[in-house]
Amino acid sequence: MRDQMNNAVKLFALGAAAVLAAVAAGRGHDELYSFHMIVFAAAAIIMFIRYLTGAAKPAVPEGEFDASLIKAGVVMTTIWGVVGFLVGVIVALQLAFPEFNPIPPWTGFGRLRPLHTSAVIFAFGGTALITTSFYVVQRTCRAALISNEAGWFVFLGYQLVILLAATGYVLGGTQGREYAEPVWYVDLWLTIVWVVYLLVFMGTIMKRKEPHIYVANWFYLAFIITIAMLHVVNNLAVPASIFSSESYSLFAGVQDALTQWWYGHNAVGFFLTAGFLGMMYYFIPKQAERPVYSYRLSIVHFWSLIFLYIWAGPHHLHYTALPDWAQTLGMVFSVMLWMPSWGGMINGLMTLSGAWDKLRTDPIIRMMVAAVAFYGMSTFEGPLMSIKAVNSLSHYTDWTIGHVHSGALGWVGMITFGAVYYLTPILWGRSRLYSLKLVNTHFWLATLGIVLYAASMWVSGIMQGLMWRETNELGFLVNSFAETVDAMHPFYIIRALGGVLYLAGGIVMAFNVFQTIRGRLREEGGSAPAPAGTVAAE
């Protein structure tokens, strides 16, 4: 009786949502708003039909491990990775060859650039974080999710956010806020999804059978809580109309800039750093079959990192209208971040103590170790670039682009690839991946791609900064802006080539993963042992 009542409430809520969205679509003041309301209505109708027919019933009873949710996450992480890398290659080619615009105006640089960043950070990275956090919290707490249905709501609701954001960018709808471009009603929907995510994650920890809370869960929890706070504050806005996609930020002037980069830097710090450190602290020990090198260091790493990171955002606003003391505060905390960041890198690398031979035989652990190495390099370069004297040369140049991508492609990409390779054979009950040699191929394609990309942008950026500040004996600038752009053209071509190699690696991964799901096993020579990510190891 209770289940029937719950089902009736869900059907009523979904039906009402579909009707309200359809009405809003008809009254929309702009094309983007009307299109998005149609998408909302379609999503509500699909879920209404699934509940009505019983198709939305969870694959397993409440209180049991739902592998289908994690499987769906692994598949979508793989797909979003390829999509994000592909759009990145198109954008890189547009910078090298501006006339490259396949379907104007939808594929112009101004629309594809936020699509690329969101696809890689939030679609690929965010789906990976939700998927792995749900997997890790259940395994380390020895308890199933507090609600499988709520877990599915988080996953599917987040995929809807991605769809709305992506279509919004292509149709020209954006708030114009870095890493926070989706329009106001998408932000509201993401807030609802994220609150449920927090409740599911914390509820699972609270019902744990393991008395100890493993360190990976601390990092995941910090990521979830802090991103919620950052998202809400940065996106405080007043809609122009309830039937319009337009809105006005609650902040203005330098306060708006500071809020934006308090959000922007900490989105990097907690979304792309803390969340993926949670991934590192679980999957590297599992793949290496070794305990974390120092649990005490991991706790020091956690508390020092989350305390220092939140203050570092002002270093994005050196030499602006922001008060000088705030700029200096951001710089000092950024330099201090070097220590806890490298503490985490050392902890990850030293976990391989006694198992360094695995670097020769296991391409998955090789990929994870490379990720930690890129993490260490990026967290050295970031504090260096926050120093005012260095920032005066690097800011607004391609050096920053090289820095961001060495971290995103090297750290975030590589550790996610390793996690996907670890999870796939376990979830689908395979003895190993379809091909370990293809993992090795992916590793070298990705590594070479990152090197070409980052190195070209470092050289291009430093040259760009030097050309901008070069003056003659009378104190006049020597180079025009157009001359600097022309000088950077060869490096843009190299960057595009690096992106193509990285995309090729992502396609190789997708092929390997889907062949593994199909149950295929490629016969490969050599006596290399199967990696730790197998059914037996779990």
List, one per line, each side-chain donor-acceptor pair under 3.5 Å for residues 35-44, sequence neighbours excluded.
| from | atom 1 | to | atom 2 | distance (Å) |
| --- | --- | --- | --- | --- |
| His36 | ND1 | Tyr185 | OH | 2.8 |
| His36 | NE2 | Leu164 | O | 2.9 |
| His36 | NE2 | Thr167 | OG1 | 3.0 |

Checklist entry - For Phe223 and Trp194, what are the C-alpha separation, side-chain angles and deciding distance, and is it a ring pair (Phe, Tyr, Trp, His ring centres under 6.0 Å)? => result CA-CA 11 Å; Phe223 140 69; Trp194 210 260; 5.6 Å; yes
Next on the checklist: The test is side chain to side chain donor-acceptor pair (under 3.5 Å); show your working for Tyr220 and Thr132 and say whether it passes.
Outcome noted: CA-CA 9 Å; Tyr220 279 125; Thr132 57; 2.9 Å; yes
Item to check | Trace of the ring pair (Phe, Tyr, Trp, His ring centres under 6.0 Å) decision for Phe302 with Phe219 | outcome: CA-CA 7 Å; Phe302 172 78; Phe219 279 97; 5.1 Å; yes
Next on the checklist: Run Leu156 and Leu160 through side-chain contact (heavy atoms from CB on, under 4.5 Å) and show every step you take.
Outcome noted: CA-CA 6 Å; Leu156 295 175; Leu160 181 58; over 6 Å; no
Checklist entry - Between Lys10 and Glu149, does a salt bridge (charged side-chain N to carboxylate O under 4.0 Å, His left out) hold up when you go through it step by step? => result CA-CA 12 Å; Lys10 291 168 189 171; Glu149 195 165 15; 2.7 Å; yes
Next on the checklist: For a side-chain contact (heavy atoms from CB on, under 4.5 Å) check, start with the C-alpha distance between Trp184 and Val238, then their side-chain angles and the critical distance, and finish with the verdict.
Outcome noted: CA-CA 8 Å; Trp184 65 270; Val238 179; over 6 Å; no
Next on the checklist: side-chain contact (heavy atoms from CB on, under 4.5 Å), that's the test. Do Met345 and Thr379 meet it? Break it down for me.
Outcome noted: CA-CA 9 Å; Met345 176 193 68; Thr379 52; 5.9 Å; no
Item to check | ring pair (Phe, Tyr, Trp, His ring centres under 6.0 Å) between Phe271 and Phe122, intermediate numbers included | outcome: CA-CA 9 Å; Phe271 201 100; Phe122 299 114; 5.2 Å; yes
Checklist entry - After noting the C-alpha distance and the side-chain angles of Phe201 and Asn217, does the key distance pass the side-chain contact (heavy atoms from CB on, under 4.5 Å) rule? => result CA-CA 9 Å; Phe201 195 85; Asn217 293 322; 3.8 Å; yes
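Tyr502 places a side-chain N or O within donor-acceptor distance of the main-chain N or O of Leu409, the cut-off being under 3.5 Å. Counting only distance, with no hydrogens or angles, the side chain of Arg208 and the backbone of Ile205 share a donor-acceptor pair below 3.5 Å. Under the 3.5 Å distance criterion, the side-chain polar atoms of Ser244 are left unmatched by any main-chain donor or acceptor of His29. The backbone N or O of Ser435 sits nowhere less than 3.5 Å from a side-chain atom of Arg522 that would complete a donor-acceptor pair. The closest donor-acceptor contact from the side chain of Ser34 to the backbone of Ala25 lies under 3.5 Å. Listed for the Tyr214 side chain is a donor-acceptor partner under 3.5 Å among the backbone atoms of Tyr281. Looking only at distances, no side-chain donor or acceptor of Glu246 sits under 3.5 Å from a matching main-chain atom of Ser241. The closest donor-acceptor contact from the side chain of Trp189 to the backbone of Gly157 lies under 3.5 Å.
For the atom pair CD1 (Ile162) and CZ (Phe124), the distance works out to 12.0 Å, reported to the nearest 0.5 Å. Atom CG of Leu497 sits about 7.5 Å away from atom CG of Leu448, to the nearest 0.5 Å. Distance NZ/Lys207 to SG/Cys141: 10.0 Å, rounded to 0.5 Å. Separation of atoms CE (Met367) and CG (Asp362) is listed at 10.5 Å; rounding is to 0.5 Å. Atom CD1 of Ile46 and atom CZ of Arg50 lie 9.0 Å apart (nearest 0.5 Å). The distance from atom CG of Leu272 to atom CG of Asn266, rounded to the nearest 0.5 Å, is 11.5 Å.
By the 4.5 Å heavy-atom criterion applied to side chains, Tyr434 and Leu521 are not counted as neighbours. With contacts defined as side-chain heavy-atom distances shorter than 4.5 Å, the pair Leu230/Trp262 qualifies. Taking the side chain as every heavy atom from C-beta outward, Ile507 and Phe85 never approach each other to under 4.5 Å. Using a 4.5 Å cut-off on side-chain heavy atoms (C-beta onward), Arg113 and Val87 make no contact. The shortest distance between side-chain heavy atoms of Ile415 and Phe283 does not fall below 4.5 Å. The closest side-chain heavy-atom distance from Trp411 to Leu277 is below 4.5 Å. The shortest distance between side-chain heavy atoms of Pro425 and Arg432 does not fall below 4.5 Å. Counting heavy atoms from C-beta outward, Thr140 and Val136 have side chains that approach closer than 4.5 Å.
Between Phe417 and His442, the ring-plane angle classifies as tilted under the 30° and 60° cut-offs.
At a cut-off of 3.5 Å, with distance as the only test, no side-chain donor of Tyr179 or His231 sits close to an acceptor on the other residue. With no hydrogens or angles considered, a side-chain donor-acceptor pair links Gln175 and Asn235 at under 3.5 Å. Side-chain contact annotation: Asn101 with Thr107, donor-acceptor N/O pair under 3.5 Å present. Looking at Ser245 and Asp30, their side chains do bring a donor and an acceptor atom within 3.5 Å of each other. Side chains of Asn440 and Arg366: a donor-acceptor N/O pair is present below 3.5 angstrom, by distance only. With hydrogens and angles left out, the side-chain atoms of Thr516 and Tyr421 include no donor and acceptor closer than 3.5 Å. A donor atom on one side chain and an acceptor atom on the other are not found under 3.5 Å apart for Ser378 and His403. With no hydrogens or angles considered, no side-chain donor-acceptor pair links Gln138 and Asp66 at under 3.5 Å.
Within 6.0 Å of CD on Glu64 lie more than 12 heavy atoms contributed by other residues, nucleotides or ligands. Within 6.0 Å of CD1 in Ile213 there are more than 12 heavy atoms belonging to other residues, nucleotides or ligands.
With Phe65 as the aromatic partner, Arg139 meets the cation-pi criteria of under 6.0 angstrom to the ring centre and within 45 degrees of the ring axis.
The shortest non-hydrogen separation linking Val292 to Pro285 is CG2-CG, 3.7 Å. When every heavy atom of Asp256 is checked against every heavy atom of Ser249, the shortest pair comes out as OD1-OG, 3.3 Å. Minimum interatomic distance between Ile146 and Thr204 (heavy atoms only, all atoms of both residues): N-OG1, 3.2 Å. Residues Val200 and Leu145 come closest through the heavy atom pair CG1-CD2, 4.0 Å. Summarising the geometry of Pro114 relative to Glu181, their closest heavy-atom pair is CB-OE2, 3.7 Å, with the distance given to 0.1 Å. Residues Thr447 and Met414 share a closest heavy-atom pair of OG1-CE, 3.3 Å.
Just one of Tyr158, Tyr197, Trp152 meets the ring-ring contact (aromatic ring centres under 6.0 Å, His included) condition when paired with Phe134; it is Tyr197.
Sequence neighbours left out, the pairs with a member in residues 116-127 that pass side-chain hydrogen bond (donor to acceptor under 3.5 Å, both in side chains) are Ser118-Tyr169, Thr127-Gln159.
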